[in-house]
Amino acid sequence: MQRTLPPPLAPFAPSVFDPTPFLMRRAALLRAMHKHGRGVAIIPTSRETLRNRDTHHPFRFDSNFWYLTGFEEPDAVLVLLISDTPQSLLFCREKNVERELWEGFRFGPDAAREQFAFDGAFPLESLDAVISEHLTGVRTLWHSIGIDADWDARVGRWLEHARNQSRAGKQPPTMIADWRALVEPMRRHKDAGELRLMQRAADIAANAHSRAMRACQPGGYEYQLDAELQYAFLQAGGHPPSYPSIIAGGANACVLHYTANNQPLRDGDLVLIDAGCEVSGYASDITRTFPVNGRFSAVQREVYEITLAAQIAAIDAAKPGVAFHAPHDAALRVLTQGMIDLGLCQGSVDGVIESGDFRRYYMHRTSHWLGLDVHDAGPYHEDDEWVCLQAGMTLTIEPGFYVRAADDIPSALHNIGVRIEDDVVITDTGCRVMTGDAPKTVDAIEQWMGAI
Ligand code: MG
Ligand code: ZN
């Protein structure tokens, strides 16, 4: 049966770049840093990496760097000078007619300063000189230690140089602090512009999942569904995927990070797809599980309905003022009751949760932050307490139920793996599901896949 595929979403024209939100973030960060005395902060973007021989992985900017700058080129560093008159400086590649002919447009310092509203911008080559000029007489050097050994070594040389000048009466910094501790908590709260991009990423991914459901045929291959997802992402401007897509037929659904995606899809099996795209760096992350042939078997339906009830309980529990783990706790109770009902676990819900027996069938947590990174930055614990959900925070809700084949489990349940994942934003009263356009109930999926 050949079903009609839904068209991809229409492309959406990029809006004119506005440096205001980035300026506001830098200003907020500079204020927070100033409480730690005068300082200098070094915030580089990521570097280009080789894939093989002379071919590079597609470049992706560093999320923290981009969050503070909006600048997307490689070989760039944001330097913050923290004092009573704070300054944001960009170090980037110079204009180069020859290289631009081969590799494309570069802003160069002058245009970058203007477009991105920096207080100053300089060629990358002048970084060492400018840092040494500003590193004496400040108390704190802000650096994200341990991400990149080359940067750690370079910062070490700067410090050594500053110390060597102490005989001339200049004080080197006495504190080294990690700016991620200030930036990453900021990233948990999305502003209206960020939420618009995330909604767009959610809409494109929901469309892609709907498309894959309709394209699915017994005898097809997992990678063919990946092709449908990628087509919908690319056509709508939601590219690249925000993480390697998981297309897991049958028993593969019980492998949590299965990405081989090379197996045939069998009549009578379920297929689990966990895939999302990026829009201007912002990720979506959706999982849907559906029957390869479009109809749930009785036992598949049972496991699916339990997982869906757990997901809905978790969505209901996601609201401002509750601890981050509240949706997980809500989902876990429903899943555990389902495991007991199916004879997979014995005892009471509290007893099974206490003993941890549920982990045989549900071994991950229900939520993670979502944003510029699919597992977004920002702590889950602060001062030994779980973070409380607040309006503007974005997270996934993704309970799962995985039954591997085993001698002590009825064979009808073998190799059923279900995960249902939506992206939500916390509102003033509860949460809003951003990814609801992808069919989710048993009826909605069967209808969607049954239509021609
Ligand atoms: Mg996911
Ligand atoms: Zn996820």
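Residue numbers start at 1 and run along the sequence shown. Whatever order the structure lists ligands and atoms in, that order sets their numbers, starting from 1. We use all heavy atoms of the structure for the numbers below, so side chains are in, but hydrogens, waters and symmetry mates are not.
Centred on the Mg ion (ligand 1), the OD1 atom of D285 and the OE1 atom of E421 lie at an angle of 80°, reported to 10°. Rounded to 10 degrees, the OE2-metal-OD2 angle spanning E398 and D285 at the Zn ion (ligand 2) equals 150°.
Less than 6.0 angstrom separates the ring centroid of W369 from the ring centroid of F324. Checked against the 6.0 Å centroid criterion, the rings of H364 and Y362 qualify as a close aromatic pair. For F233 and Y231, the ring centers are positioned 6.0 Å apart or more.
For D274, the N, O or S atom closest to the Mg ion (ligand 1) goes by the atom name OD1. Looking only at its N/O/S atoms, E421 has OE2 as the one nearest to the Zn ion (ligand 2). When distances from the Zn ion (ligand 2) to the N, O or S atoms of H368 are compared, NE2 comes out shortest.
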Next on the checklist: Does D443 form a side-chain hydrogen bond (donor to acceptor under 3.5 Å, both in side chains) with T441? I'd like the steps, not just the answer.
Outcome noted: CA-CA 5 Å; D443 284 352; T441 64; 5.8 Å; no
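In this structure a side-chain-to-backbone donor-acceptor pair under 3.5 Å is missing from D329 to A326.
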